[in-house]
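Below is one structure, written out as structure tokens; the observations come after it.
When a ligand or atom number is given, it counts from 1 through the structure's own listing order.
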Amino acid sequence: MSGKYLVTGGAGYVGSVVAQHLLEAGHEVVVLDNLSTGFREGVPAGAAFIEGDIRDAAKWLDSSFGAVLHFAAFSQVGESVVKPEKYWDNNVAGTMALLGAMREAGVRKLVFSSTAATYGEPKEVPIVESAPTSPTNPYGASKLAVDHMITGEAAAHGLGAVSLRYFNVAGAYGEQGERHNPESHLIPLVLQVAQGRRDAISVYGDDYPTPDGTCVRDYIHVADLADAHLLALKAATSGEHLICNLGNGEGFSVRQVIETVRQVTGHPIPEVVAPRRGGDPAALVASAATAREKLGWNPSRADLAGIVADAWEFAQKIAREQ
Ligand SMILES: NC(=O)c1ccc[n+]([C@@H]2O[C@H](COP(=O)([O-])OP(=O)(O)OC[C@H]3O[C@@H](n4cnc5c(N)ncnc54)[C@H](O)[C@@H]3O)[C@@H](O)[C@H]2O)c1
């Protein structure tokens, strides 16, 4: 059945791809985004756009909305360490205002973008949802605080909610892709080297206890991630807060990613080894068993070369347009 959905942060990377998927599934989409890190042109054609802040969501929410998909947040780990107040204000206080507006308007379904950063340094990989949460930076802590807030909202006020804890999102879908500024994610950074926009890629530490000494991460295609959001909308049950990790369950090292970019782009990609960064776990790999079981999620784009190829196509398209 088609519905009307508010997508906060729908001018950003993940939100725009999910908004596009909702439109393709026949839903009505309203994007609410203050363009603090997003782009007006990122909002998919066919979605209504409100330039505004989640703290003011009460102005626009009413009972005609079937659910809110909440992507709007700040998400730069390094910045969160030097400006923690910015993260508590936007991610936590902003979401509190949004939840209040949803309660007032009688909108009782939520899908929230949580993160692997809520776990911190894992004791075991793959990471399951019952693993201890011990974030190593204010960004992860702000997302964990929101997860706790949602649990209470579901128990006390009947919200039906799903938090999706993304691992490393990558790739592109149609007109939508990744263009963070500043960029902090590995794949787009390596692609910038291929485009001649930076001289070399920095490898932060090559003495980790991993097969090649570099950090291992779980990369998930943004379109597979979008599929999970549509499934989460169906799974959201009043009074319950379901938390699901989203990753492919397979780790790739920084060096494997760089090598894959070399193969996809044909560029030699010089690398420079730099000191480890504080708070970077050696390996972050998801167990996606809960998402498969509870949502019926079945990712179909797990191949790293395919993920990189889609990101490369998007990066070249953006460069041509600039
Ligand atoms: N990209 C990843 O690898 C990744 C991994 C884990 C979790 N996440 C989470 O997924 C969500 C989306 O990430 P992204 O990579 O698309 O980020 P993004 O910065 O591209 O998108 C966030 C969007 O939210 C908007 N926004 C921020 N604060 C707002 C506010 N107060 N009111 C209205 N709009 C606001 C921004 O303008 C932007 O368009 C974030 O919540 C992030 O924490 C992302």
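A salt bridge links R255 with E271; the closest basic N to acidic carboxylate O contact falls under 4.0 Å. No salt bridge links E183 with R198; every basic N to acidic carboxylate O contact stays at or beyond 4.0 Å.
For ligand 1, the atoms lying closer than 4.0 Å to a non-hydrogen atom of F71 are 11 (C), 12 (C), 40 (C), 41 (O). Using a 4.0 Å cut-off to heavy atoms of S75, the atoms of ligand 1 that qualify are 42 (C), 43 (O). The distance from ligand 1 to the heavy atoms of R55 drops below 4.0 Å at these ligand atoms: 31 (N).
Polar contact check, N34 against ligand 1: a nitrogen or oxygen pair lies under 3.5 Å apart. Of the polar atoms of T37, at least one N or O is found under 3.5 Å from an N or O of ligand 1, judged by distance alone. For ligand 1, the polar-atom distance check finds no N/O of N168 at less than 3.5 Å from any of the ligand's N/O atoms. Here's the thing with A72: none of its N/O atoms is less than 3.5 angstrom from an N/O atom of ligand 1. Distances between N or O atoms of G15 and those of ligand 1 include no value under 3.5 Å.
In terms of protein heavy-atom proximity, atom 39 (O) of ligand 1 is closest to D33 OD2, 2.5 Å.
Neither the backbone nor the side chain of E178 has any atom closer than 4.0 Å to an atom of ligand 1 (non-hydrogen atoms only). Residue contacts with ligand 1, taken as heavy atom pairs separated by less than 4.0 Å, do not involve R165 at all. Residue-level proximity to ligand 1 for L35 is carried by the backbone, the only part with a heavy atom below 4.0 angstrom. The proximity of A170 to ligand 1, defined as any non-hydrogen pair under 4.0 Å, does not occur for either the backbone or the side chain.
Separation of the H21 and H229 ring centroids does not fall under the 6.0 Å cut-off. In summary, the aromatic rings of H241 and F112 are positioned with their centroids too far apart to meet the 6.0 Å limit.
Within the set F74, Y13, Y139, Y166, the minimum heavy-atom distance to atom 42 (C) of ligand 1 is found for Y139. Residue F167 holds the heavy atom nearest to atom 5 (C) of ligand 1 of all those in F39, Y87, F167, Y219. The residue among V169, V222, V31, L225 with a heavy atom at the shortest distance from atom 2 (C) of ligand 1 is V169.
V7 places none of its side-chain heavy atoms less than 4.5 Å from the side chain of L32. Using a 4.5 Å heavy-atom threshold, the side chains of F71 and V18 count as touching.
Distance alone, capped at 3.5 Å, is enough to place a donor-acceptor pair between the R108 side chain and the H157 backbone.
Judged purely by distance below 3.5 Å, without hydrogens or angles, the side chains of S113 and H70 never pair a donor atom with an acceptor atom.
Between Y219 and F252, the angle of the ring planes lies from 30° to 60°, which puts this pair in the tilted group.
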